[in-house]
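It should be emphasised that the depicted structure is a prediction, and the values quoted were computed from it without experimental measurement.
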Amino acid sequence: MSDKIATAQGHHDGADFHTESKDYLAKRSLRKGTAGWILLAGLGVSFVISGDYAGWNYGLGEGGFGGLLIAAVIVACMYFAMVLGMAEMSSALPAAGGGYTFARRALGPWGGFATGTAILIEYAIAPAAIATFIGAYVESLNLFGITDGWWVYLGVYAVFIGIHLSGAGEALKTMFIITAVAIVGLIVFAIAAISRFDAANLTDIPVSDTAAGASEFLPFGVLGIWAAIPFAIWFFLAIEGVPLAAEEATEPEKNVPRGIIASMLVLLVTCATVLFLATGAIGAESLANSDNPLVHALGDGGGAKLVNYIGLAGLIASFFAIIYAYSRQTFALSRAGYLPTSLSVTNRRKAPVLALIIPGVIGFLLSLTGEGATLLNVAVFGAALSYVLMMVSHIVLRVREPKMHRPYRTPGGIATTTFALVIAVGAVIATFLVDPLAAFLALVVFGGFMAYFGFYSRHRLVANSPDEEFAALAHAEAELK
């Protein structure tokens, strides 16, 4: 059979489906069994660890240390609750679509694509923001005499997309090594920062005369807590990408939940270490606008130089890992027909070529703006919106399909994910409070994707793609009842 539409499948849930040939799916398959739970935990830390090295500190300028601390506690609780919910859904529905797969089963094609689109906005934009931070680190080190960041942006995109094209097993192992180096960098930073720590530095931002509830601890008042939430998210942003590796993991129903929970526990420790020690070492006011906060916190000594070099590894680890994430999300949406199907074709190493290259080109062009903070906020909007949809999906699946096979079950059940849902809704609103332009741009892009689906791709969905088959099974069971 050709790589064309094979069999008409019908219309339901506001979309048209057809069955593709075995040849179609064969050209769009990933290499299975390349990662156990330790590599998956490393992948989860890789996604996030750049947030410890840069980005989070902008929250000091919005809420002060107290505002950012409270926001970080709230966000950490949200992520932990969300991770527990995703662990359950990934054990029940292990497929490369991750959040899209969960929402597709719970909310239908429209909800599934909306979730996948929000995740894709996050993962396609986040590397562009990280690239600008990598450029700042390279320039501060005066490596190779580079003073213009675009050479750095081009280099990291080209090199790391190239490594991903060599296959998932090689990429995941490389990511694990780079992440281990980045963790060592945080340990070196912590040792150096302890001797410089002064509790008075935490609250050195002048107190606002006009903000309600303003104090030394909350210099911008109570509203500053809300404004700091998008930056607190940077401590954990993208950990939800671990389920995207489900099709390439060994025993995904067991190892994906183990991996995502283990990575979350590590990130709780790194978040607390960086927030307290970096701010206490040099002061919240000085750190609030730094592109290189950990190095800035240590001054000009040898420790700062060492952390600067190793910090580059932390940024590269997340950049490298999120390239993996955007490629798998693009791959899954393309394979199922939501995006052009050419994006999901894999090479002989089972790497999705165009799903790696096309979002990478878009990200590189966006990085040329040099607006790391704005790009970060666009990514946060996409992330927060996806969290809302994924937590709704968990609640719907628990209510509608209580007997679904769940090798792992979320402690607290619906109460846990309802808590995460409420905080995620607040985070979406907070993105408009902090950077209305970034949130508006993200919303426009999201609307464009949904228009594409409404007018075009919803009439061309592939019924026998793995992610759609999970939903088709639920649809068939519902019809039998």
Side-chain angles (χ1 to χ4, degrees), residues 48 50-80 129 133 193 197-237 267-268 270-294 296-297 371-381 383-384 387 419-420 422-439 442:
V48 183
S50 68
D52 290 317
Y53 281 93
W56 63 270
N57 53 297
Y58 298 133
L60 295 169
E62 298 291 339
F65 174 76
L68 182 56
L69 174 62
I70 295 172
V73 171
I74 293 170
V75 165
C77 291
M78 179 198 76
Y79 269 95
F80 196 70
F133 298 139
F197 183 85
D198 183 346
N201 287 336
L202 300 175
T203 54
D204 68 347
I205 292 179
V207 179
S208 170
D209 295 328
T210 58
S215 64
E216 281 193 0
F217 186 67
L218 294 173
F220 303 107
V222 177
L223 193 61
I225 299 171
W226 196 11
I229 281 179
F231 301 99
I233 285 176
W234 202 239
F235 282 120
F236 307 101
L237 182 72
L267 292 166
L268 289 171
T270 61
C271 167
T273 300
V274 168
L275 176 57
F276 277 91
L277 292 182
T279 310
I282 195 169
E285 186 175 23
S286 177
L287 208 62
N289 295 307
S290 175
D291 286 336
N292 198 342
L294 301 195
H296 188 60
E371 297 292 334
T374 300
L375 293 170
L376 184 156
N377 285 326
V378 172
V380 168
F381 175 87
Y387 301 161
F419 167 78
V422 171
I423 304 301
V425 170
V428 172
I429 298 170
T431 60
F432 286 94
L433 176 68
V434 172
D435 192 339
L437 176 60

Validation row: [X], [Y] side chains within 4.5 angstrom (heavy atoms):
X: W56; Y: P293; result: yes
X: D435; Y: F381; result: no
X: L218; Y: I225; result: yes
X: S50; Y: F133; result: no

How close do [X] and [Y] get, heavy atom to heavy atom, and via which atoms?
X: A227; Y: V434; value: O-CG2, 2.9 Å
X: A297; Y: A278; value: CB-O, 3.6 Å
X: M78; Y: Y387; value: CE-CD1, 3.8 Å
X: E285; Y: P206; value: OE2-CD, 3.8 Å
X: A284; Y: L60; value: O-CD1, 3.9 Å
X: G64; Y: P219; value: CA-CG, 3.7 Å

Taking only distance into account, with no hydrogens and no angle test, what donor-acceptor pairs under 3.5 Å do side-chain atoms of residues 230-237 form with protein atoms, sequence neighbours excluded?
residue, atom, partner, partner atom, Å
W234, NE1, A54, O, 2.5

Ring centres under 6.0 angstrom apart (F276, F197)
no

Report yes or no: does T279 contribute a side-chain atom to a donor-acceptor pair with the main-chain N or O of L275 at less than 3.5 Å?
yes

Do any N or O atoms from the side chain of N377 and from the backbone of A438 form a donor-acceptor pair under 3.5 angstrom?
no

Would you compute the distance between atom [atom1] of [X] and atom [atom2] of [Y] and round it to the nearest 0.5 angstrom?
X: L68; Y: Y58; atom1: CG; atom2: OH; answer: 13.5 Å
X: H296; Y: L287; atom1: NE2; atom2: CG; answer: 6.0 Å
X: T431; Y: L376; atom1: OG1; atom2: CG; answer: 11.5 Å
X: D52; Y: L267; atom1: CG; atom2: CG; answer: 7.0 Å
X: E216; Y: I205; atom1: CD; atom2: CD1; answer: 11.5 Å

Sequence-distant partners of [X], side-chain hydrogen bond (donor to acceptor under 3.5 Å, both in side chains), two or more places apart:
X: T203; answer: none
X: Y53; answer: none
X: N57; answer: none

Who pairs with L223 by side chain to side chain contact (heavy atoms under 4.5 Å, CB included), at least two apart in sequence or on another chain?
W226, L433

Apply side chain to side chain contact (heavy atoms under 4.5 Å, CB included) to D198 and list each qualifying residue two or more places apart in sequence or on a separate chain.
A200, N201

